[in-house]
Amino acid sequence: MKKILKYIIIIAILIFTTSCSKDRALEVHVIDVDQGDSTLIITPDKKSILIDAGEDIYARNVIRELKISGINQIDIVVATHFDKDHIGGLDKVLNNFKISNIFVPPGVVSHQDYYEFIDSCKNKGIKPSVISNFVSFKLGTETTIDFLSPIYSDTKYEIESEMTDSEEINKNSIVFSLRCLGHKLIFTGDIDSEVEDSILNLYNLENTSFLKVAHHGSKSSTSENFIKELTPKISSISCGYGNRYGHPHKETLNTLNKYKSRIYRTDINGNMTFYFTDKGIYSKEKYE
């Protein structure tokens with residue numbers, strides 16, 4: 001009887017240890033919002049980061065993914081920049097969840113989605129933090145966030161100045177790296193190759209595990225210099241099926257393939273989830 005009890009205890013410990021090991025992962029949920037961007041990150045200690053929320057019409061996709069993932073409170077919301085295909089759905093997300101912090105780039109724009117986003121922030125009693133100088137901080141016990149841009153971008157804006165040019169808005173995107181469990185992940189908004197070069201001049205970004213490819217795979221971004229430095233194991237592209245821009249562009253795909261990055265696209269796979277552990281990277285689904 002004692003031997004049986006001993007074996008039961010050993011098996012229970014093994015099951016507990018295994019389940020804890022599986023739980024100790026960084027999750028990256030790439031949410032399909034058609035020709036837009038949205039990513040949910042869940043850290044090993046269950047802190048959550050939402051980056052963008054696609055256009056207004058796709059907010060339901062984001063809300064559904066958050067609820068399926070068991071998210072009741074979002075620790076950090078990052079509005080990378082103020083294009084409609086990035087912030088259009090954020091007001092609905094803010095209205096449906098508790099929010100701790102919101103980060104935005106400098107500047108303002110004039111369109112309805114931006115006004116609705118700002119109104120939702122006010123209704124929540126949250127003043128967004130503007131990324132206009134260097135910020136690096138720990139989120140939980142194992143995750144570090146470093147904001148790389150627009151702080152060091154060649155194009156700088158006063159906090160209250162209005163931006164009207166789409167190219168300038170893209171250049172002003174928040175870019176940040178996330179370090180966790182030995183992995184480095186880069187999230188890029190809609191920056192172009194000029195901003196990529198500025199970032200390369202200031203940071204060592206080599207050996208990146210995951211890259212959120214900028215601007216839906218446009219050839220204006222993802223320069224060879226940038227990819228050669230990062231050599232990302234995985235590159236994720238968010239774009240709509242048969243979109244009118246032709247994203248992702250062939251030039252971008254060729255560059256990523258040249259440096260042997262595994263490319264995954266929302267227009268082919270829809271929603272995608274990747275898990276990063278101290279042992280490696282895996283997914284529970286097979287993606288093309």
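No hydrogens, no waters, no symmetry mates; every other heavy atom, side chains included, goes into these values. Start at 1 with the first residue, then count along the sequence.
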According to a 4.5 Å side-chain heavy-atom criterion applied to Ile, Leu, Val, Met, Phe, Trp and Tyr, with indirect links allowed, do [X] and [Y] form part of one hydrophobic cluster?
| X | Y | answer |
| --- | --- | --- |
| Leu211 | Ile268 | no |
| Ile186 | Leu181 | no |
| Ile31 | Ile68 | no |
| Tyr245 | Ile191 | no |

Residue pairs passing the side chain to side chain donor-acceptor pair (under 3.5 Å) test where at least one lies in residues 231-241, sequence neighbours excluded: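 Qualifying pairs: Ser235-Ser261.
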Would you kindly say whether [X] and [Y] are connected by a side-chain donor-acceptor distance under 3.5 Å?
| X | Y | answer |
| --- | --- | --- |
| Tyr264 | Glu288 | no |
| Asn271 | Glu65 | yes |
| Ser100 | Gln73 | yes |
| Thr255 | Glu224 | no |

Set of residues satisfying salt bridge (Lys or Arg N to Asp or Glu O under 4.0 Å) with respect to Asp32, sequence neighbours excluded: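 With sequence neighbours excluded, Asp32 shows a salt bridge (Lys or Arg N to Asp or Glu O under 4.0 Å) to no residue whatsoever.
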From CA spacing to verdict: side chain to side chain contact (heavy atoms under 4.5 Å, CB included), Ser136, Thr144: CA-CA 7 Å; Ser136 178; Thr144 301; 4.1 Å; yes
Check against salt bridge (charged side-chain N to carboxylate O under 4.0 Å, His left out), Asp146 and Arg179: CA-CA 8 Å; Asp146 300 309; Arg179 291 177 282 130; 2.8 Å; yes
So, for [X] and [Y], which heavy atoms are closest and what is the spacing to 0.1 Å?
| X | Y | result |
| --- | --- | --- |
| Asp75 | Ser48 | OD2-N, 2.9 Å |
| Cys121 | Leu94 | SG-CD2, 3.7 Å |
| Leu200 | Glu229 | CD2-CG, 3.4 Å |
| Gln35 | Gly240 | OE1-N, 2.9 Å |
| Ser38 | Ala53 | OG-CA, 3.6 Å |
| Thr80 | Pro105 | O-CG, 3.5 Å |

Sidechain N-carboxylate O distance under 4.0 Å for Asp56, Lys92: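 Between Lys92 and Asp56 there is a salt bridge, with a charged N closer than 4.0 Å to a carboxylate O.
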Charged N-O contact under 4.0 Å between Lys184 and Glu206: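 No, Lys184 and Glu206 are not salt-bridged.
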Where at least one partner belongs to residues 106-131, residue pairs that pass ring-ring contact (aromatic ring centres under 6.0 Å, His included), sequence neighbours excluded: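 Counting only pairs at least two positions apart or across chains, the ring-ring contact (aromatic ring centres under 6.0 Å, His included) contacts touching residues 106-131 are Phe82-Tyr114.
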Ile263 vs Ile234, side chain to side chain contact (heavy atoms under 4.5 Å, CB included): CA-CA, chis, key distance, verdict: CA-CA 6 Å; Ile263 304 166; Ile234 292 176; over 6 Å; no
Before we go on, tell me: are the rings of [X] and [Y] under 6.0 Å apart, centre to centre?
| X | Y | answer |
| --- | --- | --- |
| His86 | His216 | yes |
| Phe103 | Phe176 | no |
| Phe276 | Tyr282 | no |

Parallel, tilted or perpendicular: rings of Tyr275 and His29 (30°, 60°):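 Judged by the thresholds at 30° and 60°, the geometry between His29 and Tyr275 is perpendicular.
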Identified side-chain contact (heavy atoms from CB on, under 4.5 Å) counterpart of Leu185 within the set Leu178, Thr143, Ile41: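 Answer after filtering Leu178, Thr143, Ile41: Leu178.
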Distance, nearest 0.5 Å, that separates CG of Leu50 from OG1 of Thr39: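 It is 8.0 Å, given to the nearest 0.5 Å.
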Gap between atom CG of Asn243 and atom CG of Asp85 - 0.5 Å precision: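 Answer rounded to 0.5 Å: 10.5 Å.
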Just wondering, are more than 12 heavy atoms of other shown residues or ligands nearer than 6.0 Å to [atom1] in [X]?
| X | atom1 | answer |
| --- | --- | --- |
| Lys124 | NZ | yes |
| Tyr259 | OH | yes |
| Lys228 | NZ | no |

Short side-chain to backbone donor-acceptor contact, Ser218 and Ser220, under 3.5 Å: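 A pair under 3.5 Å: yes.
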Beyond-backbone contact of Asp34 with Glu55, side-chain heavy atoms, under 4.5 angstrom: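 Not touching, per the 4.5 Å side-chain cut-off.
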Heavy-atom side-chain contact between Asn269 and Glu285 under 4.5 Å: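 SC-SC contact between Asn269 and Glu285 ruled out.
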Test log, rule side chain to side chain contact (heavy atoms under 4.5 Å, CB included), inputs Lys212 and Asp37: CA-CA 10 Å; Lys212 198 294 295 186; Asp37 257 24; 2.6 Å; yes
Verdict with supporting geometry, Asp45 and Lys47, salt bridge (charged side-chain N to carboxylate O under 4.0 Å, His left out): CA-CA 6 Å; Asp45 43 7; Lys47 300 292 184 180; over 6 Å; no
Sole residue of Asp83, Asp192, Asp197 in salt bridge (charged side-chain N to carboxylate O under 4.0 Å, His left out) with Lys171: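 Exactly one pass, corresponding to Asp192.
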Side chain to side chain contact (heavy atoms under 4.5 Å, CB included) assessment of Thr43 paired with Leu139: CA-CA 8 Å; Thr43 70; Leu139 179 64; 4.1 Å; yes
